[in-house]
Each structure stands twice: as C-alpha cells, then as structure tokens.
Amino acid sequence: MGFGLGIIVILILTLSGLADTICRTTWKRFYYTKGITFFSKEFDFPYHFNIKRVDLLSKRENADKKYKSDIEFAPLAKNAIGFFDRPGKGGFGIKKRSYLSVLHGVIVYQDGKLTVAGIFDFFALLFVPALMISVTAYAVWLFKQGLAINALILAALLVVFVVGFVVALRKQRARFIKIGDIMIGIGQKEKEPKA
C-alpha cells in the first residue's frame, strides 16, 4: 500500500509540474490571474500604462546579473502582463538558478494603480505538503523501528528543505517587487518631456 501511494504522489507531482510548464509557456491567462496568491503589492501609477513596453521591462529587469535566471514577460490583456522565472543555462546545458522558483507573477494596471502579484506554481502547492507528510510519516515509522538516528537525519533534512523554501519565497518576492519599481521608472521616464 505504501509503494502504491508513493507512485500516486509521484504521478500527481509529475502532472502538476507538466501543467505548470504548459500553462506558463503558452501564457494561459487563467494561470496568471487565478490561483493562490503569496503576495500582492500595489503601486501608485499616474502614468500611461503601455503594454508595448514589455520588451523594455524585460531588458531592464534582466540586465541585473545578480540573478542567474531571466524573467520572461508577455502581455495577457490591455492592462495585464504575465511573467515567470526562466532558469538560465549552466555548463553542458544544465539549468541553473540562484534560487528555487516557486512563483509566477502578474502585473495589472487599473485606475492609476499598478498591482504586482506573486502566485504559487501548482507544483509548489502540491510538492511541499506531499513532501512534509511523506517525510514525517517515514520518520515516525523509522523511529518506531528503532532507527532513531535515521529518523532524526530525515527530520533535519526536512527542516533544511522548509528553510530553503522560505528563503526562495523571500527572494522571488523581492525580485517581483523590483519589477513594479522598474515599471514605475519606465512610466516616469515616458512622462518626462523630450529635450
């Protein structure tokens, strides 16, 4: 029974990761506008919102080499831009990132306000609870079998993973908020009269 449950969990996680990839790369509007929002920040934006500035936004955001990955942007509507974190390429075609990506985002303009939101990926929503439940159950079973040291090692690894997940959320939140700041800068520059 435990083996069958493990196969089902792996299948669900694989399908959720595949669904994330398909929805993300085909720019499905529902994926970027619905879901469980991790954070949302509103900016005053008394400028003209120009959806055609997606290329400029991408260029400015990805110019910062602090991160090893680039953000992909695409218009979703006249007042909305979707974005996600695309891993960069390391050596031998291996993808690398300076953090684990667990969010995708959306920028929405409405009534002089610009809102930037970070929405959980399907995989992140399913993976974390599945990992916590399965590792905890396995650690309890190991402890009952008299393998307390193995249970403690497994519990310590789970704590390390949870701390890593929280750090990843904080890094993505900071980066996504910076995208809002970049949009403000683009709006201000376009409002300035040309010399």
Side-chain angles (χ1 to χ4, degrees), residues 16-17 19-89 95-128 163-195:
S16 68
D20 270 325
T21 302
I22 291 169
C23 290
R24 179 183 297 136
T25 57
T26 57
W27 300 102
K28 300 294 182 199
R29 186 171 176 180
F30 75 89
Y31 180 74
Y32 289 93
T33 57
K34 307 288 183 213
I36 297 177
T37 302
F38 171 64
F39 81 93
S40 177
K41 181 164 182 181
E42 193 173 87
F43 298 84
D44 286 327
F45 197 80
Y47 316 109
H48 175 67
F49 183 79
N50 190 345
I51 200 73
K52 294 177 183 174
R53 293 293 175 240
V54 170
D55 291 338
L56 184 58
L57 173 62
S58 179
K59 184 178 176 183
R60 288 196 182 166
E61 201 292 325
N62 293 319
D64 185 355
K65 294 304 172 198
K66 176 181 174 183
Y67 301 104
K68 296 176 182 172
S69 58
D70 287 342
I71 300 279
E72 292 282 330
F73 296 92
L76 300 174
K78 288 182 180 181
N79 69 332
I81 299 170
F83 60 93
F84 69 93
D85 194 351
R86 180 177 48 88
K89 293 272 186 177
K95 295 180 178 181
K96 64 181 180 177
R97 232 186 219 128
S98 55
Y99 53 84
L100 174 70
S101 177
V102 292
L103 302 171
H104 54 280
V106 65
I107 301 166
V108 178
Y109 172 77
Q110 189 170 4
D111 301 327
K113 299 286 184 188
L114 191 72
T115 304
V116 178
I119 302 161
F120 279 108
D121 293 346
F122 298 143
F123 183 78
L125 283 175
L126 294 173
F127 181 74
V128 174
V163 168
F165 184 76
V166 170
V167 167
L169 284 172
R170 290 183 60 159
K171 283 187 175 188
Q172 274 198 290
R173 181 180 187 276
R175 190 172 187 188
F176 287 11
I177 288 172
K178 190 183 116 196
I179 289 168
D181 293 334
I182 292 170
M183 285 295 292
I184 299 293
I186 291 170
Q188 287 172 340
K189 190 155 190 139
E190 289 184 348
K191 190 173 183 178
E192 290 174 3
K194 294 185 179 180

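- When each of Tyr47, Phe43, Phe49 is paired with Tyr109, the ring-ring contact (aromatic ring centres under 6.0 Å, His included) condition holds for Phe49 and for no other.
- The minimum heavy-atom distance linking Ile71 with Ser58 is given by the pair O-OG, 4.0 Å.
- The CZ atom of Arg29 sits 14.5 Å away from atom OG1 of Thr26, with the distance rounded to the nearest 0.5 Å.
- Note that CZ of Phe38 is 9.0 Å distant from CZ of Arg170, once rounded to the nearest 0.5 Å.
- Panel note: side chain Gln172, backbone Val102; a donor-acceptor pair is recorded below 3.5 Å.
- Scanning both residues, Phe83 and Ala117, for their nearest heavy atoms gives CZ-O, 4.4 Å.
- Across Phe122 and Ala19, no two heavy atoms sit closer than the pair CD1-CB, 4.1 Å.
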Could you check Val116 against Met183 for side-chain contact (heavy atoms from CB on, under 4.5 Å), going step by step and ending with a plain yes or no?
-> CA-CA 10 Å; Val116 178; Met183 285 295 292; over 6 Å; no
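- Atom-to-atom distance recorded for His104:NE2 and Asp20:CG is 7.0 Å, nearest 0.5 angstrom.
- A donor-acceptor pair under 3.5 Å is formed between the side chain of Thr21 and the backbone N or O of Gly17.
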So Leu114 and Glu42, side-chain contact (heavy atoms from CB on, under 4.5 Å) or not? Walk me through it.
-> CA-CA 6 Å; Leu114 191 72; Glu42 193 173 87; over 6 Å; no
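- The two residues Ile119 and Thr33 have their closest heavy-atom pair at CD1-N, 4.4 Å.
- The CZ atom of Arg173 sits 10.0 Å away from atom OG of Ser40, with the distance rounded to the nearest 0.5 Å.
- Annotation: the span from Asp85 atom CG to Arg24 atom CZ amounts to 8.5 Å, rounded to 0.5 Å.
- Gly185 and Arg60 make their closest contact through C-NH1, 4.1 Å (heavy atoms, listed as atom of the first residue, atom of the second, distance).
- The shortest heavy-atom contact between Ile107 and Leu57 is CD1-CD2, 3.9 Å.
- Of the inter-residue distances, the one linking Leu103 atom CG with Asp121 atom CG reads 6.5 Å to the nearest 0.5 angstrom.
- Among the candidates Tyr32, Trp27, Phe73, Tyr31, the single residue satisfying the ring-ring contact (aromatic ring centres under 6.0 Å, His included) test with Phe84 is Trp27.
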